Amino acid sequence: PMLRHYLSECLSAMIFVVDSSDRDRLPDAREFLDFGLSAAEENLGTLPPLLVYANKMDLPSAQSYAELQEGLGLSARRGLKFRIRPCTATNGEGLYEGLEDLAAMLRG
């Protein structure tokens with residue numbers, strides 16, 4: 001679909017936002033992320049570094065890092081450099097730290 005048209009050779013990294021409190025939609029998020037990573041790998045010949053913003057980690061119903069990592073299939077992707085960063089979209093908490101993480105991954 002359309003996502004493939006937005007991925008080009010200039011893609012350096014990916015940012016993915018997931019609702020860490022919505023367990024029912026995690027399989028849908030994984031499917032979408034798998035599609036995006038596969039398309040990026042197809043275009044680039046390699047997997048780009050991935051920053052996952054785990055929104056709503058401040059809620060009691062939030063999944064743990066391990067649950068998100070497993071649920072999104074991150075460890076199953078050989079050669080994928082990723083970081084899961086908690087964030088709260090309503091106040092911006094964790095957003096800058098996530099970008100710093102991504103910059104560090106890009107520097108190697």
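Every value quoted in this text rests on a predicted model; they were computed, and no experiment measured them. Numbers here simply count residues along the sequence, with the first being 1.
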Tabulate below the donor-acceptor pairs under 3.5 Å that side-chain atoms of residues 101-108 make, not counting sequence neighbours, or state none.
from   : atom 1 : to    : atom 2 : distance (Å)
Asp101 : OD1    : Arg85 : NH2    : 3.2
Asp101 : OD2    : Arg83 : NE     : 2.9
Asp101 : OD2    : Arg85 : NE     : 2.9
Asp101 : OD2    : Arg85 : NH2    : 2.9

With a 3.5 Å cut-off and sequence neighbours excluded, list the donor-acceptor pairs that the side chains of residues 87-98 form with protein atoms.
from  : atom 1 : to    : atom 2 : distance (Å)
Asn91 : OD1    : Glu93 : N      : 2.9
Glu97 : OE1    : Gly94 : N      : 3.3

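Around the CD atom of Glu70, the shell of radius 6.0 Å holds no more than 12 heavy atoms that belong to other residues, nucleotides or ligands. Counting heavy atoms of neighbouring residues, nucleotides and ligands inside a 6.0 Å radius, atom CZ of Arg25 does not exceed 12 of them.
The heavy-atom pair separating Ala29 from Phe16 by the smallest distance is O-CZ, 3.4 Å.
Of the residues Leu74, Val17, Leu68, the one that meets the side chain to side chain contact (heavy atoms under 4.5 Å, CB included) test with Val52 is Leu74.
Residues meeting the side chain to side chain contact (heavy atoms under 4.5 Å, CB included) test with Glu100, sequence neighbours left out: none. In this structure Pro48 satisfies the side chain to side chain contact (heavy atoms under 4.5 Å, CB included) test together with Leu11, Met14, Ala40, Leu44, sequence neighbours excluded.
Within the model, atoms CG of Leu47 and CZ of Phe82 stand 11.5 Å from one another, a figure rounded to the nearest 0.5 Å. With rounding to the nearest 0.5 angstrom, the CG atom of Leu72 is 5.0 Å from the CG atom of Leu26.
Under the 4.5 Å side-chain contact rule for hydrophobic residues, Leu51 and Ile84 do not share a cluster.
The stretch residues 29-38 participates, sequence neighbours left out, in these salt bridge (charged side-chain N to carboxylate O under 4.0 Å, His left out) pairs: Arg30-Asp34, Asp34-Arg77. Listed by first and then second residue, the side-chain hydrogen bond (donor to acceptor under 3.5 Å, both in side chains) pairs involving residues 49-61 are Asp19-Lys56 (not counting sequence neighbours).
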Practice item. Report the C-alpha separation of Gln63 and Met57 in whole Å, then their side-chain angles, then the decisive distance to 0.1 Å, and conclude whether the side chain to side chain contact (heavy atoms under 4.5 Å, CB included) test is met. Key: CA-CA 7 Å; Gln63 297 173 80; Met57 284 291 281; over 6 Å; no
Exercise for review: Please test Leu50 against Ile15 for side chain to side chain contact (heavy atoms under 4.5 Å, CB included), starting from the C-alpha separation and ending with a verdict.
Suggested key: CA-CA 6 Å; Leu50 171 68; Ile15 298 175; over 6 Å; no
